[in-house]
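Beneath this line is the structure, given in structure tokens, with notes to follow.
For clarity, every value in this text was computed on a predicted model and none was experimentally measured. Throughout, protein chains are lettered first and strands after them, A, B, ... in sequence-line order, and every chain is numbered starting at 1.
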Number of protein chains: 2
Amino acid sequence: MPPAKPSATPGPPRAGARVTLRDVARTLGVSVATVSNAYNRPDQLSEDLRQRVLQAARDLGYHGPDPLARSLRRGRTGVLGVVYDAPLDYAFADPAAALFLGSVTRTVQNRDLNVLLLAAPHDSQADATLAVRNASVDGFIVYCAADGSALLRAVLERGLPTVLVDQEPHAGAVNVGIDDAGGAQAAAAHLLALGHRHLGVLCLELSEQRASGPVGPAREAQTTYRTTDQRLRGYRAAAAPHPDATLYPTEAAHNTPDSGEALTRDLLTRHPQVTALLCMSDVLAQGALRAAAALGRRVPEDLSVVGFDDLPGSETMDLTTVWQPTGDKGEQVGQAMLTLLAGQPAAPVTLPTRLVVRGTTAPPAP
Amino acid sequence: MPPAKPSATPGPPRAGARVTLRDVARTLGVSVATVSNAYNRPDQLSEDLRQRVLQAARDLGYHGPDPLARSLRRGRTGVLGVVYDAPLDYAFADPAAALFLGSVTRTVQNRDLNVLLLAAPHDSQADATLAVRNASVDGFIVYCAADGSALLRAVLERGLPTVLVDQEPHAGAVNVGIDDAGGAQAAAAHLLALGHRHLGVLCLELSEQRASGPVGPAREAQTTYRTTDQRLRGYRAAAAPHPDATLYPTEAAHNTPDSGEALTRDLLTRHPQVTALLCMSDVLAQGALRAAAALGRRVPEDLSVVGFDDLPGSETMDLTTVWQPTGDKGEQVGQAMLTLLAGQPAAPVTLPTRLVVRGTTAPPAP
DNA sequence: CATTCACTCTGAAACGATTCAGAGTGCTGT
DNA sequence: ACAGCACTCTGAATCGTTTCAGAGTGAATG
């Protein structure tokens, strides 16, 4: 490393000590209250003095009241923590997450609230709960966490207003979610009604211990992500009346098209008799379609595919899928949080899902 | 609205007053310093007393030291603000942003720093700078902001350690960026060398006043996003030696495939003589490929397409593009921030770009 | 027996702001 | 001339911690 440059940056802020409200007050010979008012309540002092205060602040290199101290005194930070139990990359890779978060942000922004994204560290050695325990926030939104996970526990321990999204209910938190089981059931029922009997299933993450590949009964029993669990139950519920129907569940380590593609290749190679695929997300379905094309299986003639989410792009892909009100969900979550922050109890919400039949499903080839 | 439920949630935290360190201390008859030490310096008190403190805390419903007060006292928050001059939806829609942010996060996470994403409000009425002025952060990373924008000014006014990504240099901040102009020049030179003379250009946003469609000289002169400006200059620099070459610049209001598709349709309809497309991002290029397919123009026989970024998916698409070290960039930004936070001066960084020729470029049809 | 030392624990001063309850003004109305 | 009022400005308490400089113990050391 080269020796530090001798000349500190000349133009910008004076290096060294931090300038505070008090310094400005002292310079001008006024009270700190007055300086504070100059920033927060212009009507509490004469315009003349106010300008002098602001000028002195500029001269001294005072950058305005410290948000931290202000938050402490005011008792609110204006920040909402969103807990996402996966590295930031994956959070970004998921359009449904983007949609949801955009919607939450929009809803709370009117109340001068911002969103702090608390993603899991890439380094699995690192303590994922540290960020949660240290975050200066007014409340938590848990978007994605395994039931019973350390992360979830850390959130609940903070005792702040908390909204759980698509999670098992917990005391001290409000739940907002969708009818995962119902939507999944409708999707599977649709395929079964078309005559399919060998259904591949592309699951989202089953548990914090990510894995990829076929899912046996033992593994299936360990499912801790509620969304995955509910959807799988939905599929199975639809299959129950059909003794001749078989499900071939596999799990993706991450919700990405690549993951879906790899899983599909593997599944179709292993079980060529599979004529239809139940995917727990449109993103996985997208990968499934790519794999089908690569394998030379026409959709829907040789292979039916159903997704989940109904992303904006899925209509273009003509994908049969289960629609969920992602935007609404974000809004409901935001509203629930605002209610909690206002000190009022918020009621849990369950939003409906709906099967949208498009062009990727058809009866199996005879 | 129905009347508020009479019974407050019974299980969770005691409603009403907040429990503090002092309450715990008082209950046990010890000093607050001791309670604080129980949490922060277990070696400073007997294990026995420590357990009693922790137990009393649990009994009282004390959730641990308030991060806000702690941050104030310690003089650091452990949060880095990342300024993104677009709504969160768009931030998420951009895989390059995901990659970059993931890399930044990974780099600073080892130092117990988290990332606060400060995206612009959807409601353009809202004050975008408010979040910046109120954020309790140790430093700012400006990922995407127009030169001279209110957002950028607000950041610089905070006087905190600041890293500017792909931006014009500013006093009091460190720049980290890539060789945009060089990469763009290489891309255009490649097409010109293949014999193309009518080059469509799909620009990223030119200025905060988003617009979509053809770009005239007047509009081009108003470019305030440095990335767009530099890349356009690169394209033009490559074209300069070829008097018979013509550029047809258009601008996208947002960096999305849809935007690229619409722009391409419009451009090719308006100027059928165009045989090649210079896209300022792989995302736009992806849209361009979709449009070409829809219009029945084969790539690369009837239309050459060059992207920018070289996203992970672009190799699969066999897209000729300008590679940039997105991951490295994030790491450099993280490192620069860590250096600044350590009170040392950080040197500006410019990373190289490189043209990657794949299958979407070829000589024009004779 | 006097020192020294390690071990626990405490008091009080920060950290940087906001805010409430006045204290001085000077002006108006009667 | 005096009460009343509007307008400015101030003092001091407070938000919930951390941390530094000891104070008080009892045991080990010489």
Side-chain angles (χ1 to χ4, degrees), chain A residues 16-54 56-57 60-78 112 133-138 158-160, chain B residues 16-54 56-57 60-78 112 133-138 158-160:
Chain A
R18 176 127 143 246
V19 188
T20 76
L21 209 52
R22 186 162 32 225
D23 299 320
V24 178
R26 198 147 37 198
T27 306
L28 247 64
V30 300
S31 80
V32 292
T34 300
V35 179
S36 174
N37 283 333
Y39 283 95
N40 301 308
R41 313 194 163 178
D43 57 313
Q44 292 295 299
L45 39 55
S46 63
E47 188 53 28
D48 171 56
L49 177 56
R50 175 152 188 268
Q51 288 308 327
R52 273 173 32 231
V53 169
L54 263 33
L60 260 60
Y62 177 68
H63 300 298
D66 177 22
L68 208 53
R70 177 192 298 228
S71 295
L72 175 58
R73 180 59 237 242
R74 295 225 245 236
R76 83 189 280 282
T77 67
D112 289 346
R133 285 178 318 196
N134 284 335
S136 292
V137 296
D138 294 333
R158 285 289 302 271
L160 292 174
Chain B
R18 177 131 141 241
V19 188
T20 76
L21 209 52
R22 182 156 38 219
D23 299 322
V24 178
R26 199 148 33 199
T27 305
L28 247 65
V30 300
S31 81
V32 293
T34 300
V35 180
S36 174
N37 283 334
Y39 283 95
N40 301 308
R41 313 194 162 179
D43 58 313
Q44 292 294 300
L45 37 53
S46 63
E47 188 53 29
D48 171 57
L49 178 55
R50 174 150 188 270
Q51 288 308 329
R52 272 171 36 230
V53 168
L54 264 30
L60 260 59
Y62 177 68
H63 300 298
D66 177 20
L68 207 54
R70 175 191 300 224
S71 294
L72 174 59
R73 178 61 236 239
R74 293 222 241 227
R76 84 189 279 282
T77 66
D112 289 346
R133 287 177 316 191
N134 285 335
S136 291
V137 296
D138 294 333
R158 285 290 302 270
L160 292 173

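Shown are B:N37, B:D48, B:L21, B:V35; of these, the side-chain contact (heavy atoms from CB on, under 4.5 Å) with B:V53 is made only by B:V35.
At least one donor-acceptor pair under 3.5 Å links the side chain of A:R158 to the backbone N or O of A:R133. No donor-acceptor pair closer than 3.5 Å links the side chain of A:D138 to the backbone N or O of A:R76.
Using a 4.0 Å heavy-atom criterion, one finds that A:T20 contacts the sugar-phosphate atoms exclusively. Note on A:Y39: nothing from the nucleic acid sits closer than 4.0 angstrom, heavy atoms only.
In summary, A:D66 and A:R70 do not engage in a salt bridge, as defined by a charged side-chain N under 4.0 Å from a carboxylate O.
An end-to-end axis angle of 50° holds for the helix from C:dC1-D:dG30 to C:dT30-D:dA1, taken from five base pairs per end and rounded to 10°.
Of the two residues near DNA chain C, A:N40 and A:R22, the one whose nearest nucleotide lies more 5' is A:R22.
Rounded to a whole Å, the CZ atom of A:R26 is 12 Å from the P atom of C:dG16. Atom CG in B:N134 sits about 11 Å away from atom P in C:dT18, given to the nearest Å. A:L21 places its CG atom 13 Å from the C1' atom of C:dT19, with the value rounded to the nearest Å.
The stretch residues 64-76 of chain B comes close to DNA chain C through B:L72, B:R73, each having a heavy atom under 4.0 Å from the strand.
Distances were taken from every side-chain heavy atom of B:R18 (C-beta onward) to each of C:dT19, D:dG16, D:dT19; the shortest belongs to D:dG16. Picking from D:dG11, D:dT18, C:dT18 the nucleotide with the shortest atom distance to the side chain of A:A33 gives D:dG11.
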Before giving the answer on side chain to side chain contact (heavy atoms under 4.5 Å, CB included), spell out for B:V30 and B:L49 the whole-Å C-alpha distance, their side-chain angles and the decisive distance to 0.1 Å. CA-CA 10 Å; B:V30 300; B:L49 178 55; 4.2 Å; yes
Give each protein N/O atom lying under 3.5 Å from an N/O atom of nucleotides 5-9 of chain D, with the pair distance.
from	atom 1	to	atom 2	distance (Å)
D:dC9	OP2	A:S46	N	2.8
D:dC9	OP2	A:S46	OG	3.2

